[in-house]
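Proteins come first, then strands; the chains are lettered A, B, ... in the order of their sequence lines, and each starts at number 1.
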Amino acid sequence: MIGAYLEVFSLSGMMWVLIGTVVGILIGSIPGLSGAMVIALALPMTYYMQATDALILLVAMYIGSTTGGLISATLMRMPGTESAIMTTLDGFPMAQRGEPARALGLGVISSFIGGMFAWLVLTTLSPLLSTLAVRFGPYEIFSMTVVALTLIAAISKGSFMNGLLAAALGALFALPGIDPISGSLRLTFNIAELDNGFNLLPVMLGLLVLGQVMIDSGKKSESTIQKASSSKKVTFSAKDFKENLWNFARSSIIGTWIGILPGIGGTTASIASYSVAKGFSKNSSKFGSGCSEGIVAAESANNAGTVGSLVPLITLGIPGSVVTAILLGAMVMHNLNPGPLLFVQNPGVAYTIIAGVLSANIIMLVVMWFATPLISRMMYVDKAWLLPPIIIFCFIGAYSVSGRLFDVIAMSGFACLGYILVRAKVPLGPFIIAFILTPMAEENLRSGLVVYGNSYLPLLTRPIPLFFIVISIITAVWAVWSEIGQTRKAKL
Amino acid sequence: MITIFRLRYEISFLVLSLTIGVLILISARGLPEPTYEPMGAAAFPSGIASITVFLVVLKVFRIFVEKKNLLSFEDDEESQLSLLKSFCMLLIFIVFVALVCLFNISFWICAFLFMLLAMAFLKRPNSFRNFAVQCVFLIFFSLVLDYVVTDILYFNF
């Protein structure tokens, strides 16, 4: 463990953290460019890096992009990332009334505290959870993937049925190639390039980056951006800290807890935390008009949620969000074994991720504190300058997988699919996570059948699979129930 | 109200899901029977494909039967323009890929032309001076990219 911390806090480790955090903050602060997009774009570059350096870089980008969203949310009333939506409600009014430095300061400190609290949980909980997870058999792992997919489909934007359909489609695209048990070829439709299935990178670049670029290309350029008075510095007072002490703690706990649950993520964490803070506040009527409590609640929770989502990733190999799915993909690319065995087979990697979170949080604080005025000027850069180079990077990324035109064609196809999914309001998260988890689910189900003598019964008699299946059923029933309720409301 | 334009994407999504589901179902039938394990290579794909087809049918029922009264068929010109622009951008990208991979034109020339065209398509340059600056910057950027793909990544187009 100490070795991992020493590696992360070495000169080269800190260099990757600094690059990742700065790039993440910069991209996160530009509305329309998401953390998922930059991490997917960075993935091909990490081919040529050591696994630990690659993961440090990507984790730093993840944390940086989550925090960067608060700059444009505060100064432009446009959340740079989805998880900064709630920050807009109070950050922008506070900046508009002449306190941009205070609004940014509150956001930065809240992000740091939320991130540090979640890091503490990650440090203590992950090794404990992993000791439990190594005892998981095939049916435990299978039921865990089922619960993850159900939760993600239920909680993602749009309807539950759309989420399930997206997950089913993602699973179908993961099936062509070599059968995981018999080793024979299947569903390749006589296309030689499909013998190894679809590569993860073209799928992600197409769905998350090129698809989004297509959507952005069709949008009108923003000619009338609302701007609050710009700030030359970031400030934070002891009075604000004292006033929000309980709010910091409560929002960090809510954010971390929601982040740990698969599929929910930082956006829901910030919404839940904001609502709770409003409910508990004596100044609830001031929420939405530049109240410090609103900024603290939203920012503490979204950063805590970001770090919290790493808990199921490194202990169980279950990605809780699109970005953690990309991180899982990075682990697979580097021949690591993500899942319950990560802590046993590659403890260095697991602890490097944890140490990376700590250093990324510290660097994020420093960069945000001193470089925000500069970043806030760069975020007004025109999309026309950004999108074409991003497309070129997509091409290079897809081609670098194995030097085949097929991967570029696949990426373009997935971009069209991503475009249709987004336009049809079908969430991308379930698709990507199902694409990644399906091989694991199939392999474990079939291994389970071999181990338990062709019987599905242990899924209901063993406690952990039963627990996961009950959670899946409850989630599905709840999702269907709430959708029926919404349909009835719409009819009225 | 659900406009016909929004529905167009939903229908595309459903048709795509149904096509892939049916394709996988048919293809899975041709897979060999399991010999030494109970499930075999076909069972899982068939299961997922059946779920997909079932969900598509359910979704079609919901859109066209349950929400029939919520549908409106007015056309949205702005959205059509957005679709056209998005696919124009994809077309420019496809031309770039064809030039690089099929016609073996130097990467930096293709990258420069692609970026110049794409930038002009997204936002027309407002003066000759800006256009000249843009060209100089893009030539430099394309040469850097060319160095990366040929001398560092060793791409062999």
Looking at chain A, which one of [options] has the largest number of heavy-atom pairs inside 4.5 Å, strictly under?
{"options": "Leu116(B), Ile92(B), Ile48(B), Asn156(B)", "answer": "Ile48(B)"}
{"options": "Pro45(B), Ala49(B), Pro34(B)", "answer": "Pro45(B)"}
{"options": "Leu14(B), Thr52(B), Ile152(B)", "answer": "Thr52(B)"}
{"options": "Val100(B), Ile20(B), Ile51(B)", "answer": "Ile20(B)"}
{"options": "Phe155(B), Phe137(B), Phe93(B)", "answer": "Phe155(B)"}
{"options": "Val149(B), Leu16(B), Leu55(B)", "answer": "Leu55(B)"}

Measuring heavy-atom distances to chain B, does [X] have an atom under 4.5 Å in its side chain, in its backbone, in both, or in neither?
{"X": "Leu164(A)", "answer": "both"}
{"X": "Leu185(A)", "answer": "backbone"}
{"X": "Met45(A)", "answer": "neither"}
{"X": "Ile215(A)", "answer": "backbone"}
{"X": "Pro180(A)", "answer": "neither"}
{"X": "Cys416(A)", "answer": "side chain"}
{"X": "Leu417(A)", "answer": "side chain"}
{"X": "Phe189(A)", "answer": "side chain"}

Are side-chain N/O atoms of Arg423(A) and Ser86(B) paired as donor and acceptor at under 3.5 Å? no
Decide whether Gln134(B) and Asn130(B) meet the rule of one side-chain donor and one side-chain acceptor closer than 3.5 Å. no
Who wins among [options] for the most heavy-atom pairs under 4.5 Å with chain B?
{"options": "Pro176(A), Ala168(A), Ser217(A)", "answer": "Ser217(A)"}
{"options": "Leu169(A), Ile420(A), Leu421(A), Leu172(A)", "answer": "Leu172(A)"}
{"options": "Leu449(A), Ile392(A), Leu405(A)", "answer": "Ile392(A)"}
{"options": "Leu386(A), Val213(A), Ile396(A), Leu175(A)", "answer": "Ile396(A)"}

Side chain / backbone / both / neither for [X] at chain A, heavy atoms under 4.5 Å:
{"X": "Phe141(B)", "value": "side chain"}
{"X": "Tyr154(B)", "value": "neither"}
{"X": "Phe13(B)", "value": "both"}

Which atom names give the shortest non-hydrogen contact between Pro44(A) and Leu205(A), and what distance separates them?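 Scanning both residues, the minimum pair turns out to be CG-CD1, 4.5 Å.
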Smallest separation among heavy atoms of Asp407(A) and Ala398(A), with atom names: CB-O, 3.5 Å
Presence of salt bridge, Arg404(A) and Glu193(A), under 4.0 angstrom: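 The answer is no: the pair does not qualify as a salt bridge.
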For a side chain to side chain contact (heavy atoms under 4.5 Å, CB included) check, start with the C-alpha distance between Glu10(B) and Val426(A), then their side-chain angles and the critical distance, and finish with the verdict. CA-CA 9 Å; Glu10(B) 292 213 338; Val426(A) 176; over 6 Å; no
Please verify the inter-ring angle class for [X] with [Y]; under 30° counts as parallel, over 60° as perpendicular, anything in between as tilted.
{"X": "Phe128(B)", "Y": "Phe131(B)", "answer": "tilted"}
{"X": "Phe406(A)", "Y": "Phe198(A)", "answer": "parallel"}
{"X": "Phe431(A)", "Y": "Phe414(A)", "answer": "perpendicular"}

Would you compute the distance between atom [atom1] of [X] and atom [atom2] of [Y] and round it to the nearest 0.5 angstrom?
{"X": "Ile178(A)", "Y": "Asn196(A)", "atom1": "CD1", "atom2": "CG", "value": "5.0 Å"}
{"X": "Ile24(B)", "Y": "Arg29(B)", "atom1": "CD1", "atom2": "CZ", "value": "14.0 Å"}
{"X": "Met89(B)", "Y": "Leu117(B)", "atom1": "CE", "atom2": "CG", "value": "8.5 Å"}

Do any N or O atoms from the side chain of Arg186(A) and from the backbone of Ala42(B) form a donor-acceptor pair under 3.5 angstrom? no
